[in-house]
Number of protein chains: 2
Amino acid sequence: MPRTHKTTNSTRHRILTEAALLFRRHGYRGTSTRQIAEAVGIKQPSLFHHFANKQAILEELMAISLEESLAGAQRAAIAEGSAAQRLYDYVLWDLTTLHRLPFALSGIYAHDVLEDPALATWSAKLEALYAALRSLIEQGIRSGEFRPVNPDLAQAMVAGVTFSHIDYSAEHAGGDPVELGSEGAVFILSGLMRDPASLERLVAAARL
Amino acid sequence: MPRTHKTTNSTRHRILTEAALLFRRHGYRGTSTRQIAEAVGIKQPSLFHHFANKQAILEELMAISLEESLAGAQRAAIAEGSAAQRLYDYVLWDLTTLHRLPFALSGIYAHDVLEDPALATWSAKLEALYAALRSLIEQGIRSGEFRPVNPDLAQAMVAGVTFSHIDYSAEHAGGDPVELGSEGAVFILSGLMRDPASLERLVAAARL
DNA sequence: GTCTATAGTATGATAGAC
DNA sequence: GTCTATCATACTATAGAC
């Protein structure tokens, strides 16, 4: 989501950046509000002027990373045309976007934090994203484009590859987002398609 | 690792089982020793008669899940023959083993817990496993069996698929371990091979 | 091997001055 | 908008009786 920060280097923005970095390294629960404040260069209670509580920081990071992906997956799931092409286009766009984000989002989607009832909204959005992916995979199986895989497992593997890109991106700065995203999309589609040779056509017809 | 428990339903064993379940649901840091004790049916301080501290429980679970995988990957990386065949055999065996484990291992391999310097030994073992996988992938690229992918990213994606199987296994009981493992191995190899059509030969020649 | 009681520490969040 | 001071709570782990 294109945020509407008045100044991109506001304290609020710096809190988000530093918190994302720390959440990745030490996890949400393993990161204290004191650590975040220190990284930003303010004292711990000053955080609560910008965010109601620690969880609000996490929720804003989830919004940044999840809402666009969910909308894109749902659009792809109901669009017209080849399921393989729609999945390819979606994955390529999603991974490319992830590699472009200025935040280190790994560690935000751990089970333990999403299981918290207070984050049920976000857990539901992630589940909706998974449902859209599953639908896309099932469409591809019915049309004969994909092998007759277990749709639940296939969806989990697609998500697993996505998370691996989030991790990779956090550890290796400076790669070309489109190139990395493309490698992920090709990997996933090759893993699912009955005839991976025809993948070249998808790549050529892709629209970002 | 085949554990040497005198009785498989010893309190010690029950602590491991319940802790694994709770670590998966709430994460290592999100799980208190009180919760573990309550699940087992004893009081919190009684845990410390069986394990020196909370971390020792985690380390035993890591030993169970990681040591065999590491040894298998290192064997595969230096063995003779086709890199694709060795990767296929390893992934199939590893995933099948994972799906057979009586423990819910998800949530154990989160970054935040492995970053703790006290767990450096286990972090190093995981890194060694990744190095073996990377070597196997590089061998396949050199031999022309695999597409010229980014080895670091490819290794991350293979690990991502493995983690997705750990998660899937924790949420869907009762699937056939070999069938699930096979779907994972085919997915990964299809994603890497230059000529996925020849995958049938690997599947036929596989030795578990 | 399990219990009660408790020490020692870290955490998230609030109150109120400036 | 940031600070100091502090509260209330939760946690891991230990001591010592039974």
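Atoms considered below: every heavy atom in the structure, side chains included; atoms not considered: hydrogens, waters and symmetry mates. All of these numbers come straight from a predicted model, not from anything done at the bench. Here is the naming used below: chain letters follow the sequence lines, and residue numbers restart at 1 for every chain.
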Asks: Regarding Glu115(A) and Arg24(B), does a basic nitrogen lie under 4.0 Å from an acidic carboxylate oxygen?
Replies: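 Looking at Arg24(B) together with Glu115(A), the answer is no, because their closest N to O distance does not fall below 4.0 Å.
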
Asks: Send over the distance from Gln44(B) CD to dA5(C) C1', rounded to a whole Å.
Replies: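 Result: 12 Å.
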
Asks: Could you check how far CG of Asp116(B) sits from C1' of dA10(C), rounded to whole Å?
Replies: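 Distance, rounded to whole Å: 15 Å.
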
Asks: Hey, where on DNA chain D does chain B first and last touch, going 5' to 3'? Cut-off is any atom under 4.0 Å from a heavy atom.
Replies: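 That gives a stretch of dC11(D) to dT14(D).
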
Asks: Heavy-atom nearest nucleotide on DNA chain C for Tyr28(A) versus Ile42(B): which residue maps closer to 5'?
Replies: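 Checking each residue's closest nucleotide, the 5'-ward one belongs to Ile42(B).
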
Asks: Flag the pair Glu59(B) and Lys54(B) as a salt bridge only when some basic side-chain nitrogen lies within less than 4.0 angstrom of an acidic carboxylate oxygen.
Replies: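 Salt bridge absent between Glu59(B) and Lys54(B).
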
Asks: Separation of Ile36(A) atom CD1 from dT11(C) atom C1', in whole Å?
Replies: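 Rounded to the whole Å, the gap is 12 Å.
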
Asks: Looking at Ile42(A), is its backbone amide N or carbonyl O close enough to the side chain of Ser46(A) to form a donor-acceptor pair, meaning the two atoms are under 3.5 Å apart?
Replies: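 Pair absent, no side-chain N/O of Ser46(A) close to backbone of Ile42(A).
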
Asks: Charged N to carboxylate O below 4.0 Å: is that the case for Asp112(B) and Arg29(A)?
Replies: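 Between Arg29(A) and Asp112(B) there is no salt bridge, as every charged N stays at least 4.0 Å from the carboxylate O atoms.
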
Asks: Charged N to carboxylate O below 4.0 Å: is that the case for Arg147(A) and Glu183(B)?
Replies: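 Looking at Glu183(B) together with Arg147(A), the answer is no, because their closest N to O distance does not fall below 4.0 Å.
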
Asks: Between Ser32(B) and Pro45(A), name the one whose nearest nucleotide on DNA chain D is closer to the 5' end.
Replies: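 Per heavy-atom nearest nucleotide, the more 5' residue is Pro45(A).
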
Asks: Students often mix this up, so state it plainly: with edges at 30° and 60°, are the rings of Trp93(A) and Tyr90(A) parallel, tilted or perpendicular?
Replies: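 The arrangement is tilted - the two ring planes meet at 30° to 60°.
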
Asks: How long is the line joining CZ of Phe48(A) and P of dT11(C), in whole Å?
Replies: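 Rounding to the nearest Å, CZ of Phe48(A) and P of dT11(C) are 12 Å apart.
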
